[in-house]
Amino acid sequence: MPWNGSLFQIIFGILLILSEIISSFTAFIFIYNKSKFKEISEPKVGKKSFPDVDIIIATHNESYDILYKTVNAACHIKYPDKKKVHIYISDDSNREYVRKLAKEFSIKYISIENNKHAKSGNLNNALKQMSSPLIANFDADMIPFSDFLMETVPFYITNFKKISKKNLSKKLNR
């Protein structure tokens, strides 16, 4: 501590010491909470219970090679009923090679006329054209694992059942 320094140095020295004490205390809390971690088991869900899923691949100036890898991986994602997986390329630059890539993989192509609001505008435009209860959003340079949906969707299905029961009880009580 700079006890012989100016008032400014003493105040900020005390603040620095307090900051270090709080950071150390926070670290111990994190360590303690991590030791209490419990593994969450995947819910058991019937194959017919899996809902429709929309996959958006948002793109902006990526090369054909990068997009090809991402679209290829998305098209090979495992799902009980592949007809329930709807893949979209959301292109904010109206590029012809992206349109051809979508046609090559038989997926939907969405373009936006004016690139308003950058990526958020691109995604909002795509969301207006989708209707599935679940959406997975991949950037153009993200290559999803083939079991991504099989690992994540079961956790949402159990929540759908809870939500639909709540909505049903609200409608019945009106």
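When a residue number appears, it is its place in the shown sequence, counting from 1.
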Find out if a path of hydrophobic residues (ILVMFWY) with successive side-chain heavy-atom gaps under 4.5 Å connects [X] to [Y].
{"X": "Leu101", "Y": "Tyr88", "answer": "no"}
{"X": "Ile110", "Y": "Ile55", "answer": "no"}
{"X": "Phe138", "Y": "Leu134", "answer": "yes"}
{"X": "Leu127", "Y": "Met142", "answer": "no"}
{"X": "Ile112", "Y": "Val98", "answer": "no"}

Between [X] (side chain only) and [Y] (backbone N and O only), is there a donor and an acceptor less than 3.5 Å apart?
{"X": "Thr70", "Y": "Ile66", "value": "yes"}
{"X": "Lys82", "Y": "Ile77", "value": "yes"}
{"X": "Arg95", "Y": "Glu62", "value": "yes"}
{"X": "Asn122", "Y": "Ser90", "value": "yes"}
{"X": "Asn124", "Y": "Ser120", "value": "yes"}

task: Would you indicate whether Phe145, at its atom CZ, is surrounded by more than 12 heavy atoms from other residues, nucleotides or ligands within a distance under 6.0 Å?
output: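 For Phe145, atom CZ is not crowded (no more than 12 foreign heavy atoms under 6.0 Å).
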
task: For side chain to side chain donor-acceptor pair (under 3.5 Å), just list the numbers for Asp91 and Thr59, CA-CA rounded to whole Å, side-chain angles, deciding distance to a tenth of an Å, and then say yes or no.
output: CA-CA 5 Å; Asp91 181 19; Thr59 177; 4.9 Å; no

field: Residue pairs involving residues 143-155 (criterion side chain to side chain donor-acceptor pair (under 3.5 Å); sequence neighbours excluded)
entry: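 Matches after skipping sequence neighbours: none remain.
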
message: Run the side chain to side chain contact (heavy atoms under 4.5 Å, CB included) test on Lys100 and Tyr64 for me, step by step, so that the C-alpha distance in whole Å, both residues' side-chain angles and the decisive distance to 0.1 Å come before the verdict.
response: CA-CA 10 Å; Lys100 287 180 182 177; Tyr64 177 85; over 6 Å; no

Heavy atoms, side chains only, cut-off 4.5 Å: are [X] and [Y] in contact?
{"X": "Phe28", "Y": "Asn33", "result": "no"}
{"X": "Pro43", "Y": "Ile157", "result": "no"}
{"X": "Met150", "Y": "Pro80", "result": "yes"}
{"X": "Ser93", "Y": "His60", "result": "yes"}

Drop me the distance from [X]'s [atom1] to [Y]'s [atom2], to the nearest 0.5 angstrom.
{"X": "Asp54", "Y": "Gln129", "atom1": "CG", "atom2": "CD", "answer": "11.0 Å"}
{"X": "Cys75", "Y": "Ile87", "atom1": "SG", "atom2": "CD1", "answer": "4.0 Å"}
{"X": "Asp92", "Y": "Ser111", "atom1": "CG", "atom2": "OG", "answer": "10.0 Å"}
{"X": "Glu104", "Y": "Asn72", "atom1": "CD", "atom2": "CG", "answer": "9.0 Å"}

- request: Mind running side chain to side chain contact (heavy atoms under 4.5 Å, CB included) on Ile56 and Leu123 for me, showing each step along the way?
  value: CA-CA 8 Å; Ile56 306 170; Leu123 291 173; 3.9 Å; yes

- request: With side chain to side chain contact (heavy atoms under 4.5 Å, CB included) as the test, would you mind laying out the steps for Lys108 and His86 before giving the verdict?
  value: CA-CA 8 Å; Lys108 297 172 182 95; His86 316 285; 4.0 Å; yes

task: Run the ring-centre check on Tyr79 versus Phe50 and record whether the distance is less than 6.0 Å.
output: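 Tyr79 vs Phe50: aromatic centres under 6.0 Å.
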
Considering only distance and modelled atom types, tabulate donor-acceptor pairs under 3.5 Å from the side chains of residues 4-23, sequence neighbours left out.
unit_1 : atom_1 : unit_2 : atom_2 : d
Ser6   : OG     : Gln9   : N      : 3.4
Gln9   : OE1    : Ser6   : N      : 3.0
Ser23  : OG     : Ser19  : O      : 3.0

Closest contact, heavy atoms only, Ala102 versus Tyr109: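 Closest approach of Ala102 to Tyr109, heavy atoms only: CB-CB, 3.8 Å.
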
